[in-house]
Amino acid sequence: MKKALAMKIKVRRSLLAAATLLASTLGTTAQANPALVDASLKDASLRYVESEVLVQFKPGMQAVAQRALNSMGLQTAKVLRSAARGADAELHLVRLPAGQKVTEAMQKLRANSAVKFAEPNWILSTAAAPNDPYYTNGSLWGYYGDTSP
């Protein structure tokens, strides 16, 4: 039981860290250097979802971008940031067809004039716990999830 609870806590912490990172980056227009992203793909300690790519399109290029995705056989799984909601450019989570590699898809996408950047959907995790005394003594019940048997 304790192992299951510890695993739940670890998973929730990881999800919280990933959500915090995503929320903090969605408000910015910063992007990674393509050469650094490509070099990071060679680092075995950095993990990413093998069948997904994050793609941001240039402002006002939604129609062109959708045609580009369709022509490459790619499909938007989710629009993470939408121009309809006031964002300057759309950010899409794109699913790759079976057998297509992330590096291959990124090269094709980067070659398209409607694409601002394309990079892997990195898997983020944290190994640190907060040092907030309310967290460590269990007072922040919402961070622990459902602990009922």
Side-chain angles (χ1 to χ4, degrees), residues 3-132 135-136 140-147:
K3 280 188 178 185
L5 181 58
M7 182 57 126
K8 258 186 175 179
I9 290 171
K10 186 176 182 179
V11 167
R12 288 185 188 260
R13 284 182 189 159
S14 296
L15 290 172
L16 180 62
T20 302
L21 180 64
L22 181 62
S24 67
T25 58
L26 286 181
T28 66
T29 57
Q31 66 192 55
N33 179 329
L36 293 176
V37 170
D38 294 344
S40 296
L41 291 171
K42 296 175 185 166
D43 184 345
S45 68
L46 299 176
R47 299 177 311 143
Y48 57 91
V49 180
E50 297 281 340
S51 60
E52 295 177 347
V53 176
L54 294 171
V55 182
Q56 182 163 8
F57 300 105
K58 294 177 182 170
M61 301 293 277
Q62 290 81 5
V64 174
Q66 196 56 52
R67 284 194 302 271
L69 288 176
N70 293 341
S71 70
M72 291 181 218
L74 303 176
Q75 159 186 352
T76 295
K78 186 172 186 178
V79 177
L80 301 174
R81 187 166 68 178
S82 171
R85 292 194 173 164
D88 62 342
E90 290 201 343
L91 180 65
H92 290 232
L93 174 65
V94 174
R95 287 248 161 74
L96 305 181
Q100 187 172 31
K101 299 206 179 292
V102 168
T103 52
E104 191 180 295
M106 288 188 327
Q107 286 176 348
K108 287 180 183 177
L109 287 162
R110 288 176 184 163
N112 190 293
S113 63
V115 173
K116 185 171 183 177
F117 71 84
E119 63 181 63
N121 186 10
W122 298 105
I123 298 172
L124 305 174
S125 62
T126 180
N131 63 359
D132 180 343
Y135 180 86
T136 56
L140 298 175
W141 59 269
Y143 282 92
Y144 300 104
D146 183 13
T147 58

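This structure is a prediction, so every number in the text was calculated from the model and none was measured.
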To the nearest 0.5 Å, what is the distance between CD on Glu119 and OH on Tyr48?
12.5 Å
Can a donor-acceptor pair be found, under 3.5 Å and without considering hydrogens, that links the side chain of Lys58 to the backbone of Ser113?
yes
Evaluate Leu91 against Phe117 for side chain to side chain contact (heavy atoms under 4.5 Å, CB included), listing each step before the verdict.
CA-CA 9 Å; Leu91 180 65; Phe117 71 84; 4.0 Å; yes
Output the distance between atom CD (Glu104) and atom CE (Met72), rounded to the nearest 0.5 Å.
11.5 Å
Nearest-0.5 Å distance, NZ of residue Lys78 to NE2 of residue His92:
12.5 Å
From CA spacing to verdict: side chain to side chain contact (heavy atoms under 4.5 Å, CB included), Val37, Trp122
CA-CA 10 Å; Val37 170; Trp122 298 105; 4.3 Å; yes
Any chance you could measure Lys108, atom NZ, to Arg110, atom CZ, to the nearest 0.5 Å?
14.0 Å
In this structure, CZ of Arg47 is separated from CG of Asn121 (nearest 0.5 Å) by 12.0 Å
Please lay out, stage by stage, how Arg95 and Val53 fare under the test side chain to side chain contact (heavy atoms under 4.5 Å, CB included).
CA-CA 7 Å; Arg95 287 248 161 74; Val53 176; over 6 Å; no
Within-4.5 Å side-chain heavy-atom neighbours: Met61 and Lys116:
no
Distance in Å, Leu69 CG paired with Gln75 CD, rounded so as to fall on 0.5 Å steps
10.0 Å
Minimum heavy-atom separation for Pro120 to Leu54, with atom names?
O-CD1, 4.0 Å
Working note: Thr76 + Val55, criterion side chain to side chain contact (heavy atoms under 4.5 Å, CB included); need CA distance, chi angles, decisive distance, verdict.
CA-CA 9 Å; Thr76 295; Val55 182; over 6 Å; no
Can you confirm whether Leu74 sits close enough to Pro97 that some side-chain heavy atom of one is under 4.5 Å from a side-chain heavy atom of the other?
yes
